[in-house]
Amino acid sequence: MTYRPAEVGLAVKRLQYRHHRALSQALAPLGLSLVQWDTLHHLHRKPDASLHDLAVLTFQTDQSFGSLATRMADRGLIERVAGPGRAVRHQLTEEGARLRAAGQDAVDAVVESSFHDLSPAQLDQLGELLDLALGADPTA
């Protein structure tokens with residue numbers, strides 16, 4: 001079968017939508033939204049990320065991420081710390097780290113269920129193809 005780019009793009013969007021719905025449902029018992037868990041995930045991976053970096057990584061504007069960060073700090077999931085100059089950085093609290101780890105298990109289960117019919121070689125190939133389409137260097 002020959003796939004047209006529009007068909008592939010739509011399939012990617014359908015998979016993303018399915019993941020979003022399933023992840024939102026899986027994270028709800030932890031009291032987390034998907035964007036909150038994603039924030040915890042990115043802070044775990046890049047603890048010195050700026051507010052702008054975190055906004056970009058979580059697909060938000062700086063303003064909307066600032067509001068989210070305030071709510072998450074009020075809830076005790078992250079804390080604000082002084083950065084260089086006037087910059088404010090964020091870091092995980094103990095509770096934020098605990099919920100990130102618990103959420104990771106839920107995320108892994110949801111995403112792995114989407115790809116269970118792919119062999120390891122097919123999964124690697126899909127990842128490489130998506131990296132290529134995104135312009136990423138798969139060897140980096």
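The shortest side-chain heavy-atom distance between R80 and T70 falls under the 4.5 Å cut-off. Taking 4.5 Å as the limit, every side-chain heavy atom of L27 sits out of range of all side-chain heavy atoms of L99. Two residues are said to be in side-chain contact when any heavy atoms from C-beta on lie closer than 4.5 Å; T58 and L68 fail this criterion.
Not counting sequence neighbours, the partners of E79 by the side chain to side chain donor-acceptor pair (under 3.5 Å) test are Q91. Residues forming a side chain to side chain donor-acceptor pair (under 3.5 Å) with R75 (at least two apart in sequence, or on another chain): none. Partners of D124 under the side chain to side chain donor-acceptor pair (under 3.5 Å) rule, at least two apart in sequence or in another chain, do not exist in this structure. Scanning for side chain to side chain donor-acceptor pair (under 3.5 Å) contacts around H19 gives S114, with sequence neighbours left out.
Atoms CD and CZ, from E7 and R4 in turn, are 5.5 Å apart once rounded to the nearest 0.5 Å. We find the CG-CG distance between L77 and L92 to be 9.0 Å, quoted to the nearest 0.5 Å. Note that the CG atom of L23 and the CZ atom of R18 stand 11.0 Å from one another [nearest 0.5 Å]. Atom CG in L40 sits 6.0 Å away from atom CG in L32 (nearest 0.5 Å).
Under the 4.5 Å side-chain contact rule for hydrophobic residues, L129 and L15 do not share a cluster. The hydrophobic clustering, which links ILVMFWY residues whose side-chain heavy atoms are closer than 4.5 Å, places F115 and V110 together.
Around CD of Q63, the count of heavy atoms belonging to other residues, nucleotides or ligands within 6.0 Å does not exceed 12. Annotation for R21: atom CZ does not count as buried by contact number, only 12 or fewer foreign heavy atoms lying within 6.0 Å.
Minimum heavy-atom separation, L51 to H90: CD1-CE1, 3.9 Å. The minimum heavy-atom distance linking A102 with L30 is given by the pair C-CD1, 3.8 Å. Closest heavy-atom contact between D62 and A55: OD1-CB, 3.5 Å. When all heavy atoms are compared, the tightest approach of L57 to D38 is O-OD2, 3.8 Å.
Within the structure, salt bridge (charged side-chain N to carboxylate O under 4.0 Å, His left out) pairs that include any residue of residues 93-117 comprise E95-R98 (at least two apart or interchain). The ring pair (Phe, Tyr, Trp, His ring centres under 6.0 Å) contacts involving residues 40-84 comprise W37-H41, where partners must be two or more places apart or lie in separate chains.
Between the side chain of Q36 and the main chain of S33, a donor-acceptor pair closer than 3.5 Å is present. With hydrogens and angles ignored, the 3.5 Å screen pairs a side-chain donor or acceptor of Q122 with a backbone N or O of S119.
A side-chain donor from one of S64 and T61 sits under 3.5 Å from a side-chain acceptor of the other.
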